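Order of the sequence lines fixes the chain letters, A, B, ..., with proteins taken first and strands second; residue numbering starts at 1 for each chain. Computed from heavy atoms alone, side chains included, the values below leave out hydrogens, waters and symmetry copies. Predicted model only: the values in this text are computed from it and were never measured.
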Amino acid sequence: MPRPRKRLAGTAEAAGPDNKGPEGKRPKTKNPAGASVKVVNSSPQKTSASKNCGKNLSSYWLLKSEPESQLEKGVDVKFSIEDLKAQPKQTTCWDGVRNYQARNFLRAMKLEQEAFFYHSNCKEPGIAGLVKIVKEAYPDHTQFEKNSPHYDPSSKEDSPKWSMVDVQFVRMMKRFITLAELKTHHQAHKETGGPLKNMALFSHQRLSVQPLTQEEFDFILSLEEKEPS
DNA sequence: GCCAACGTTGGC
DNA sequence: GCCAACGTTGGC
């Protein structure tokens with residue numbers, strides 16, 4: 001059963017012991033992933049004071065996938081939003097993530113949370129549509145498959161190193177929101193303090209699974225109604 | 001195809 | 001545990 005492969009970060013060599021904990025350990029740099037998964041608080045009644053027991057959850061995400069043919073160890077990892085729509089139940093497992101920070105975000109995802117489906121490494125990079133999480137993190141089987149471009153010989157069946165979630169197509173964006181447009185807003189917002197001032201797409205550009213704040217998510221949705229800038 | 005950004009590896 | 005070399009991501 002062929003399954004789509006999102007071409008995501010990293011190689012199967014990533015070393016480092018699995019970290020349990022909400023947070024994998026990432027090489028020094030400040031900015032632990034957990035810190036960026038800020039509670040964005042979509043529910044009106046809970047206040048910033050709410051204790052969340054260290055369980056800060058982002059409500060929204062951005063997932064990168066490559067919509068154009070791309071060989072990785074001889075396997076085409078192309079997977080566009082059209083490919084997602086063509087899947088049974090318009091659902092796919094998001095396998096192949098081999099970066100600890102990205103993996104930890106996958107593990108933080110909750111049922112029904114929404115994510116932007118982003119087309120990367122292609123002619124026109126940008127946000128193509130919306131998907132939602134329909135199965136929370138479970139072991140990524142491709143880490144054990146020798147023929148997979150994402151095979152990781154260092155991962156053991158009894159303590160899988162890598163995780164994946166299942167996502168389902170929700171809808172296309174009313175218009176394709178290009179990276180260029182997002183970047184224009186990001187630059188402007190850095191000056192004005194607008195909603196995209198810290199967007200991970202620019203501050204952590206290589207992350208293939210990223211959290212978005214409520215403000216970022218809402219602002220990007222509002223762009224659908226406007227003329228491309 | 002180039003190359004900047006940045007995560008990972010491994011020598012010390 | 002530092003850090004230079006290396007490899008990958010991904011825009012352009």
When every non-hydrogen atom of A/Arg107 is compared with those of A/Ser163, the smallest separation belongs to NE-OG, 2.8 Å
May I have the distance from A/Gln210 (atom CD) to B/dA5 (atom C1'), rounded to whole angstrom?
14 Å
CG of A/Leu201 versus P of B/dA5: gap in Å, rounded?
16 Å
Given C/dT9, is OP1 or OP2 found less than 4.0 Å from the side-chain N or O atoms of A/Tyr118?
no
Please tabulate, one pair per line, each protein N/O and nucleotide N/O from nucleotides 1-4 of chain B that are separated by under 3.5 Å, including the distance.
none

May I ask you to check whether A/Tyr100 and A/Trp162 place their ring centers less than 6.0 Å from one another?
yes
Under a 4.0 Å heavy-atom cut-off, which of residues 177-185 of chain A touch DNA chain C?
A/Leu179, A/Lys183
Pick base, sugar-phosphate or nothing for A/Phe202, based on heavy-atom distances below 4.0 Å to the nucleic acid.
nothing
For A/Glu224 and A/Met172, the nearest pair of non-hydrogen atoms, with its separation, is OE2-O, 4.4 Å
Minimum heavy-atom separation for A/Gly129 and A/Ile81, please, with both atom names.
CA-CD1, 3.4 Å
Quickly work out the A/Arg98 CZ to B/dT9 P distance and round it to whole Å.
14 Å
Which whole-number value in Å describes the distance from A/Leu207 CG to C/dG10 P?
9 Å
Over 60° means perpendicular and under 30° means parallel, so tell me whether A/Trp94 and A/Phe117 are parallel, tilted or perpendicular.
perpendicular
Check the distance between C/dC12's C1' and A/His119's NE2 and give it to me in whole angstrom.
19 Å
Taking the six-membered ring for Trp, is the centroid-to-centroid distance between A/His204 and A/Phe202 below 6.0 Å?
no
A/Lys64 vs C/dT9: side-chain N/O to OP1/OP2 distance below 4.0 Å
no
Any salt bridge between A/Arg98 and A/Asp152, counting N to O under 4.0 Å?
no
Could you give the NZ-to-C1' distance, from A/Lys123 to C/dG10, as a whole number of Å?
15 Å
Rounded interatomic separation in angstrom, taking NE2 from A/His204 and P from C/dG11:
16 Å
In whole angstrom, give the distance that lies between atom CG of A/Asp152 and atom P of C/dT8.
14 Å
From A/Glu114, A/Gln214, A/Gln210, residue fulfilling side chain to side chain donor-acceptor pair (under 3.5 Å) relative to A/Tyr60:
A/Gln214
Relative to each other, are the rings of A/Phe105 and A/Trp61 parallel, tilted or perpendicular (30° and 60° limits)?
tilted
